[in-house]
Structures are given as structure tokens and as C-alpha cells.
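Here's the structure we're looking at; comments come further down.
Remember, predicted model here, so these are calculated numbers, not experimental data. Positions are given from 1, in the same order as the sequence printed here.
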Amino acid sequence: MDEIKLSSPEFADGGPIPAVHSHEAGDLSPALDWTGVPNSAVELVLTCDDPDAPGGTFTHWMLAGMQPQRDGLAAGEDAPRIADGRNGFGTNGYGGPHPPPGGAPHRYVFTLSALDEPSGLTSGFSPDDLRDALRGKVIATGTLTGTYAR
């Protein structure tokens with residue numbers, strides 16, 4: 001499987017996510033950049049999950065339907081023709097980091113997947129819908145991990 005290089009101009013891989021992108025600051029999604037999407041890709045899908053959440057993995061962001069020619073997203077971008085999934089806060093779109101106060105930093109894993117077939121997802125999709133839609137279609141992935149503590 002090919003590897004996509006996923007990065008952010010706002011935080012380094014393994015580094016802290018700026019507070020402006022947190023849930024308490026208003027849920028402004030961070031800027032993301034990527035390279036290495038295979039020419040055969042027909043769609044890009046982005047997720048952000050917190051594997052350190054007390055109740056198990058918490059979904060902060062799911063986007064589907066992105067054109068494979070894209071090379072990133074601007075901070076707070078709400079691009080047309082993109083399907084927003086329902087995050088763990090119960091809303092569509094990005095929900096920023098919000099770990100319990102006073103604890104160790106949580107990891108926020110951003111994953112970009114390139115698909116060789118359309119996902120067929122529409123806004124409001126769930127993590128289970130996403131898992132089903134990705135099965136057998138992912139031809140490349142890239143990850144970026146940020147941390148956040150309150």
C-alpha cells in the first residue's frame with residue numbers, strides 16, 4: 001500500500017495541537033497538507049480520532065468525498081461537495097480536542113485515506129458507516145498525530 005505524507009503547518013507530528021483548534025475554543029479545524037496521493041485515487045477520506053479517550057476511541061472528525069487532486073485543507077475550511085460525518089460530540093464536522101482536565105495529553109490521530117472507488121458516503125455518516133464504506137477500497141494512507149491536554 002502506498003503512503004501519503006500528511007502534515008500541518010500548525011503542529012509537528014507528535015507535537016501539541018494549538019489551543020485555537022480545541023473544542024473549548026470553538027472547534028476550528030487545523031490546516032492540513034498532503035502529498036503522495038496515487039494517481040489512481042478517486043476519492044480522499046479524512047478522520048481524526050482520540051484513542052486515549054476514557055470511554056474508548058472518540059471520533060473528532062470525518063470527511064468523505066474529497067477530490068483526489070486536493071493537496072490540503074485550510075484551517076476551518078468547509079469545502080463544497082464534502083460529506084461531513086457525525087463526530088463523538090453528536091454534530092457533523094470537526095470537533096476539537098477536549099480531554100479531561102488535568103490528565104496526561106491525549107493523542108489525536110489524523111488519517112487520510114485514498115480510495116480507488118467512491119465511498120458513497122453522505123453527510124451525517126457514522127464511524128460504522130465509514131468502516132463499511134472503506135472496506136476493500138483503500139489504496140494509500142497517511143497519518144499525523146498531535147497531542148493536547150487541558
Pro51 versus Tyr108: any side-chain heavy-atom pair under 4.5 Å?
no
Provide the closest heavy-atom pair for Ala19 versus Ala25 in the form atom of the first, atom of the second, distance.
O-CB, 3.3 Å
Between OG on residue Ser126 and CE on residue Met62, distance to nearest 0.5 Å:
6.5 Å
I'd like to know if Ile4 and Phe110 are part of one continuous hydrophobic network [Ile/Leu/Val/Met/Phe/Trp/Tyr, side-chain heavy atoms within less than 4.5 Å].
yes
Check for a donor-acceptor pair, side chain of Asn87 on one end and backbone N or O of Gly90 on the other, with a separation under 3.5 Å.
yes
As an exercise, state the distance from OG1 of Thr147 to CZ of Arg107, rounded to the nearest 0.5 Å.
10.5 Å
Report yes or no: does Thr59 contribute a side-chain atom to a donor-acceptor pair with the main-chain N or O of Asp49 at less than 3.5 Å?
no
What distance do Leu144 atom CG and Trp34 atom CH2 have between them, rounded to the nearest 0.5 Å?
11.5 Å
Flag yes if Leu46 and Ile82 sit in one hydrophobic cluster, no otherwise; membership is Ile, Leu, Val, Met, Phe, Trp, Tyr, and two members link when side-chain heavy atoms are under 4.5 Å apart.
yes
Pair Asp116 + Lys137, salt bridge at N-O below 4.0 Å:
no
Are any of the side-chain heavy atoms of Asp129 and Leu121 separated by less than 4.5 Å?
yes
Is there a side-chain contact between Asp27 and Thr91 (heavy atoms, below 4.5 Å)?
no
Is the number of heavy atoms from other residues, nucleotides or ligands under 6.0 Å of Glu3 CD greater than 12?
no
If you measure from OG on Ser119 to CD on Glu43, what distance do you get to the nearest 0.5 Å?
3.5 Å
Looking at side-chain heavy atoms only, is the closest gap between Cys48 and Val109 below 4.5 Å?
no
Heavy-atom distance under 4.5 Å between the side chains of Leu115 and Val45, does that happen here?
yes
Partner residues of Gln67 under the side-chain hydrogen bond (donor to acceptor under 3.5 Å, both in side chains) criterion, sequence neighbours left out
none
Under 3.5 Å, is there a donor on one side chain and an acceptor on the other for Asp50 and His106?
yes
Taking the side chain as every heavy atom from C-beta outward, state whether Leu44 and Val37 have any atom pair closer than 4.5 Å.
yes
The reported gap from CG in Leu112 to CZ in Arg70 (rounded to nearest 0.5 angstrom) is 10.5 Å
Show the numbers, then the answer: is there a side-chain contact (heavy atoms from CB on, under 4.5 Å) between Ile139 and Ser40?
CA-CA 9 Å; Ile139 56 174; Ser40 58; 3.4 Å; yes
What is the minimum heavy-atom distance between Ala149 and Pro105, and which atoms define it?
CB-CA, 3.7 Å
Heavy-atom donor-acceptor pair, Asp84 side chain to Asn92 backbone, under 3.5 Å:
no
Decide yes or no for Leu130 and Thr47: does some side-chain heavy atom of the first lie under 4.5 Å from some side-chain heavy atom of the second?
yes
Looking at OG of Ser29 and CG of Leu73, how far apart are the two atoms once the value is rounded to the nearest 0.5 Å?
7.0 Å
If we ignore hydrogens and angles and just use 3.5 Å, is the side chain of His60 paired with the main-chain N or O of Gly95 as donor and acceptor?
yes
Do Ser22 and Ile17 come within less than 4.5 Å of each other through their side chains, counting heavy atoms only?
no
Arg86 side chain to Phe125 backbone, donor-acceptor under 3.5 Å:
no
Determine the minimum heavy-atom distance between Leu28 and Ala75, stating which atoms define it.
CD1-C, 4.1 Å
Phe89 and ring pair (Phe, Tyr, Trp, His ring centres under 6.0 Å): which partner among Phe58, Trp61, Tyr94?
Phe58
Can you spot which of Asp13, Leu6, Thr111 makes a side-chain contact (heavy atoms from CB on, under 4.5 Å) with Thr145?
Asp13
